[in-house]
Amino acid sequence: MTEPLLSVKNLRVEFPGPRGPVEVVRGVSFDLGRERLGIVGESGSGKSLTARALLRLIPPPARVRQEALRFDGMDLAAMSERQMRRVRGARISMVMQDPKFSLNPVMTIGSQIAEALRVHGTLPRGQIRARVIEMLTQVRIHDPEHVMGLYPHEVSGGMGQRVMIAMMLIPEPDILIADEPTSALDVSVQAQVLDLIETMIARNGMGLILISHDLKLVARYCDRVLVMYRGEVVEALEAGRLDAAAHPYTRGLLESVPRMNETRRLLPVLDRAWDTEGRGT
Amino acid sequence: MARLHLWLTDDAPASRWQAQAGQAFRVARSFARSPLAMLGALIILVLVVTALFAPWLAPYSPVGQNLGERLLPPSWAHWMGTDELGRDILSRVIHGTRITLLIVVMVALISAPIGLVIGAVAGYFGGWTDRVLMAITDVFLSLPKLIMALAFVAALGAGLQNAIIAIAVTSWPAYARIARAETLTFRNSEFISAVTLQGASSLRVISLHVIPLCMSSTIIRVTLDMAGIILTAAGLGFLGLGAQPPLPEWGAMISRGRSFILDQWWVATMPGFAIIVVSLGFCFLGDGLRDVLDPRQREGR
Amino acid sequence: MSAALEISGLSVRYGRSTVVREVSFSVAEGESYALVGESGSGKSTILRAVVGMARDISGTIRLSGEALEGPRGRGFARHCQMVFQDPYASLHPRRTVDAALSEPLVIHGIGTRADRADRVIEMMRAVGLDERFRFRFPHQMSGGQRQRVAIARALMLDPKLLLLDEPTSALDVSVQAEILNLLVRLREERGLTYVLVTHALPVVGFMCDRLGVLRKGRMVEEAEAGQLREGRFSDPYAQELYRFSLGAGERQGQAG
């Protein structure tokens, strides 16, 4: 069998706490090919930390350990910081939650995308502008020449997120990690942004890791779903078969969301009886 | 010990008092992790202990003259040598800690609350109140500290008390600025709105909600300013406008030693050394406090 | 009997831009009413206008028949309270639960020290907070626990009308269910009137009787909860909002 694009084995992240180290990611393993993988979990489940650990973006005092962290035949865990920088952005890139915080407020959108090109690419100067315009058109920005001259605060959240996606995709990475890419956006814009990510991934034949707290949304846009709770993957599911979920936590997540045609008087509350270590809410 | 530790780090404190103790413990523990901060704290602790026990620690009287032993270099009998009137410099430096501490504490007690209140009021009310209060603050802020202090002392007359008042008057604007900036960051936050909606008066909001949150940044700034205060006090002493002889004020001691600087270097150097050590101590302590108390670094866990 | 809250012709301006334009609606005693819209629709601004936090307003706001004008006094505080969106920002970072909950009683001079302690414990129980949380600081609690504290604080003065500004949008889904259940139960037990501001239509279907859809500061449609459950809106924007708000699974279910 050929080696998967990305392979993670027994990933662990721990932080020093007042009463000894606290493990926040506790032995996560998965393989990713050129496919769409969803990671679902609530705050504190370790889903975002897992993503950051893949890019080695977790600073001390946290400690990251793993049995294996391999990407395209390379051992990410053994790489120097310098080699890592050539992987980040260029080969694995990441879209964060809020475009407001991930775009530089004092640079125009055009120059920020161009910057991304210059850092990673070898494109001659003259072609950069054309490429930026092409990229903005691809993320369905209708008036790219105008948008290039705008500053991040002058565009809406949905537009900002599309700019982020353009920026992350311009070096043509192999894997895109999207960490709650739409939770800061209005519902009408969410679908647009996710549809965009979907088409771009399909067009470039990339791998996608979509991280979200919304199980149904992830299932809609991914092939496989990992459900995380308290730092562990409690269940791995085919996206089309959510109703086959066996773990009580996954079932609870599905049940506790109010539906549009809600008739229940009270919502079923997640029963944490199976969770022997206990965690209050 | 183990039980005390558990009690302090308990996630479910059983009383107000345990909650507060736990909070203090968390701050103290992260403070203890920084070696420079601990060094600063140690220096200040030594300063305080020395000031408290000065008469017992000093080998000689700080004012007792002995013209037979004028300008002796450092020796086993006089570790820091003697000055032009034959007084033991070590004893004078030790007694000088009391004056230094008095100045520093008094200035902090006078200027910090004034600055805190003015800044919090200006930041909370905004509008005209803010503009007027900040204009006054800026006027004070734009004048050089030592010159202002000189003018005040010249008007009030030389002496330790007036030096303290003069320095306090020139120090508060910095705290007002900080408190105002801090207030603006949470002026419109929901927890302030929530308490206003419960019918709390402005007085209550400012004194119980706004000022406590400005406290830590002010404490940090005051500690960092201590060095400057000591130097200003020494400057006034040096110019003969601060503490009057025969009080063993460090600045005044340097001033007297100036005449012998070439042949009897220790007369001016020893008190100068004391000023540097104590100033450094306050700087280290302030930096350490900033690392622990700064709310921007302490949010979350 | 007059309406618990009656708003007519309300406009709110921030500087030169008008955020709310000529909005009118009324909420009956004991009713649960939702203001729905996307960011920038002015839904939260309406709540701010009610509690007197928006300055430049025109139109009238009546609370149980009485017109509200000028700064809101202590009487208003006992009649109407608000729960904010972000439980991380709505609690003072240096005050314990006990301090936060006793404060409204202290302000209004209610009870002795011992009485107040009793009422704090009683209210903590009512919102499902264990007594051992009483002396915790906000940073020692989860988002759901903080929101329970915020709800408890709003109820300390026994208000009749509770304004809820996106009370669950900052919370995890499983915690959201708990808080929504709590709000439903508290309304039944205490006969409260709710005005809920939210962008999530399913939440409205779960806990409200009626809703108003806002777009760019105008109210484009008012509807009964029944209409919402079946998606019977007449305004095109309201229909669009409904379509987008259907969960992905439900959208497929409808198609298939």
Side-chain angles (χ1 to χ4, degrees), chain B residues 7-27 30 125-127 182-183 185-217 219 293-301, chain C residues 47-48 50-53 55 71-109 117 130-141 146 149-150 153-154 156-157 159 163 165 170:
Chain B
W7 184 79
L8 285 169
T9 53
D10 196 344
D11 253 349
S15 65
R16 223 157 279 173
W17 144 242
Q18 190 186 353
Q20 241 104 51
Q23 189 79 346
F25 176 71
R26 276 187 290 277
V27 170
S30 47
F125 287 106
E182 195 80 9
T183 306
T185 61
F186 55 80
R187 159 83 191 87
N188 290 319
S189 70
E190 296 182 343
F191 64 86
I192 297 289
S193 305
V195 67
T196 320
L197 285 185
Q198 280 156 0
S201 61
S202 299
L203 178 68
R204 186 180 181 91
V205 177
I206 291 178
S207 57
L208 291 180
H209 295 264
V210 174
I211 288 187
L213 282 179
C214 300
M215 210 71 116
S216 47
S217 51
I219 289 175
L293 290 180
D294 195 326
R296 274 168 290 277
Q297 296 177 18
R298 251 164 43 90
E299 274 311 298
R301 249 180 258 201
Chain C
L47 292 196
R48 297 176 66 88
V50 172
V51 297
M53 277 157 58
R55 297 246 168 83
R72 310 292 185 253
R74 293 201 176 168
F76 177 81
R78 300 181 80 145
H79 193 105
C80 171
Q81 279 293 322
M82 182 150 158
V83 175
F84 295 89
Q85 172 175 11
D86 186 356
Y88 293 86
S90 67
L91 299 178
H92 192 291
R94 305 273 172 85
R95 316 201 90 200
T96 60
V97 174
D98 182 67
L101 297 189
S102 335
E103 176 132 44
L105 301 177
V106 176
I107 292 171
H108 291 261
D130 195 280
E131 210 180 302
R132 67 202 161 89
F133 285 92
R134 192 171 153 210
F135 297 102
R136 288 199 193 188
F137 289 96
H139 68 89
Q140 293 169 314
M141 294 184 289
R146 294 184 200 205
V149 175
R153 176 182 58 189
M156 286 310 289
L157 294 172
L163 309 177
D165 187 1

Chemist: Between Arg204(B) and Val106(C), is the side-chain contact (heavy atoms from CB on, under 4.5 Å) condition met? List the steps.
Modeler: CA-CA 11 Å; Arg204(B) 186 180 181 91; Val106(C) 176; 3.7 Å; yes
Chemist: As an exercise: rank Glu131(C), Arg95(C), Met82(C) by heavy-atom pairs under 4.5 Å with chain B and give me the winner.
Modeler: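 Greatest number of close heavy-atom pairs with chain B: Arg95(C).
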Chemist: Would you say His209(B)'s side chain and His92(C)'s backbone share a donor-acceptor pair under 3.5 angstrom?
Modeler: no
Chemist: So for Leu157(C), is it side chain, backbone, both, or neither that comes closer than 4.5 Å to the heavy atoms of chain B?
Modeler: side chain
Chemist: Does any backbone or side-chain atom of Arg132(C) lie under 4.5 Å from a heavy atom of chain B? Answer side chain, backbone, both or neither.
Modeler: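 Arg132(C) touches chain B through backbone and side-chain heavy atoms alike.
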Chemist: So which residue, Arg72(C), Arg153(C), Arg78(C), ends up with the most heavy-atom pairs under 4.5 Å with chain B?
Modeler: Arg153(C)
Chemist: Taking every heavy-atom pair that is under 4.5 Å apart, which of Ala100(C), Ser90(C), Ala77(C) has the most such pairs with chain B?
Modeler: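 Of the options given, most contacts go to Ser90(C).
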Chemist: Applying side-chain contact (heavy atoms from CB on, under 4.5 Å), run through Met215(B) and Arg94(C) and close with a yes or a no.
Modeler: CA-CA 11 Å; Met215(B) 210 71 116; Arg94(C) 305 273 172 85; 5.8 Å; no
Chemist: Highest number of heavy-atom pairs under 4.5 Å with chain B: which of Thr96(C), Asp165(C), Asp130(C), Leu91(C)?
Modeler: Leu91(C)
Chemist: Heavy-atom distance under 4.5 Å to chain B: side chain of Asp86(C), backbone, both or neither?
Modeler: both
Chemist: Heavy atoms only: give me the nearest Gly199(B)-Ile107(C) pair and the separation to one decimal.
Modeler: O-CG2, 3.5 Å
Chemist: Below 4.5 Å, heavy-atom pairs only: which of Ser193(B), Pro212(B), Gly22(B), Ser201(B) has the largest tally toward chain C?
Modeler: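 Heavy-atom pair counts peak at Ser193(B).
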